[in-house]
Peer 1: 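Got a structure for you, written out below as structure tokens; questions coming shortly.
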Amino acid sequence: MKNQFFRLTIATPDGRFVARYSAKGLAELDFPNSEALVAPKRSEGGAAERASPRAAEANGIPAKIRAWHRATESALKNILAGTEPRNFPPLDPSGTVFQQAVWREMRKIPFGRTKSYGEVAQAIDRPKAVRAVGGACGANPIPILVPCHRVLAAHGKIGGFGGGLGWKRKLLTREGVIL
DNA sequence: CATCAAAAACTCC
DNA sequence: GGAGTTTTTGATG
């Protein structure tokens with residue numbers, strides 16, 4: 001795929017996240033530390049890495065993307081602060097049909113609530129695919145905004161988390177979830 | 001390109 | 001603790 005992704009960063013009290021945008025919306029979000037990349041000097045709100053050949057659009061970032069990024073930043077910071085975000089950017093994660101179904105289902109989990117892998121599996125009409133649901137969660141390219149951290153194992157166990165279990169615990173605690 | 005085998009953020013007995 | 005299910009991914013022919 002000839003991704004002409006736009007990569008921007010979001011500075012939070014928990015580190016700097018990296019967001020990538022496709023032409024349709026937010027495609028990926030990475031935790032801090034997951035990738036060591038050099039700070040682009042002094043750009044604060046974010047910097048485009050792959051600007052188009054022509055600097056037709058200001059700073060190489062279309063207004064559309066900047067608007068999405070603003071929503072992403074706001075939503076992310078809200079969740080990190082333990083408050084419910086109001087507006088989301090459009091999401092465009094790439095994955096198999098099954099994975100998209102799982103992610104879509106996860107997005108329906110209300111703020112501060114949790115579901116088990118089994119419940120998600122039932123919701124997408126594959127009650128026995130609980131193991132596969134776990135796999136789809138791990139493949140989620142947009143953590144936090146797609147609340148994979150709100151999915152726990154059965155019997156209140158925490159399960160796992162791609163970006164490190166520490167994150168999962170912290171996020172749940174801030175949302176007021178009691179394990 | 002078609003098939004096989006192994007692994008995974010699970011669940012239930 | 002062990003077996004059962006489903007999907008994804010990488011190796012094999």
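Proteins come first, then strands; the chains are lettered A, B, ... in the order of their sequence lines, and each starts at number 1.
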Peer 1: If I take atom CD in residue A:Gln99 and atom C1' in nucleotide C:dT6, what distance separates them, rounded to the nearest angstrom?
Peer 2: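 Interatomic distance, CD of A:Gln99 to C1' of C:dT6: 13 Å.
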Peer 1: Fit a plane to each ring of A:Phe17 and A:Trp167, take the angle between them on a 0 to 90° scale, and name the class: parallel (under 30°), tilted (30 to 60°) or perpendicular (over 60°).
Peer 2: perpendicular
Peer 1: Treat primed atoms plus P, OP1 and OP2 as sugar-phosphate and everything else as base, then score nucleotides 8-13 of chain B 5' to 3': B for base contact with protein heavy atoms under 4.0 Å, S for sugar-phosphate contact only, - for none.
Peer 2: BBBS--
Peer 1: For Watson-Crick and G-U wobble pairs within 3.5 Å on both distances, what is DNA chain C written in dot-bracket notation, | included for inter-strand pairing?
Peer 2: ||||.||||||||
Peer 1: Quick one: are A:Pro147 and A:Arg107 in side-chain contact, heavy atoms under 4.5 Å?
Peer 2: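 They are in side-chain contact.
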Peer 1: Provide, to the nearest angstrom, the distance between the NZ atom belonging to A:Lys128 and the P atom belonging to C:dG4.
Peer 2: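 Rounded to the whole Å, the gap is 13 Å.
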Peer 1: Taking the side chain as every heavy atom from C-beta outward, state whether A:Asn87 and A:Ser74 have any atom pair closer than 4.5 Å.
Peer 2: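 The answer is yes, as the side chains (C-beta and beyond) meet within the 4.5 Å cut-off.
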Peer 1: Should the heavy atoms of other residues, nucleotides or ligands under 6.0 Å from CZ of A:Arg174 be counted, would the total exceed 12?
Peer 2: yes
Peer 1: Kindly say whether A:Leu152 contributes a backbone atom to a donor-acceptor pair with the side chain of A:Lys168 at under 3.5 angstrom?
Peer 2: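 Answer holds: no.
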Peer 1: Less than 4.5 Å apart, side chain to side chain, heavy atoms only: is that true for A:Tyr21 and A:Phe5?
Peer 2: no
Peer 1: Check whether A:Asp14 reaches the backbone of A:Leu80 with its side chain - one donor and one acceptor, N or O, closer than 3.5 Å.
Peer 2: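 It does not hold such a pair.
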Peer 1: Okay, side chain of A:Trp68, backbone of A:Lys24: is any donor-acceptor separation there less than 3.5 Å?
Peer 2: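 Answer holds: no.
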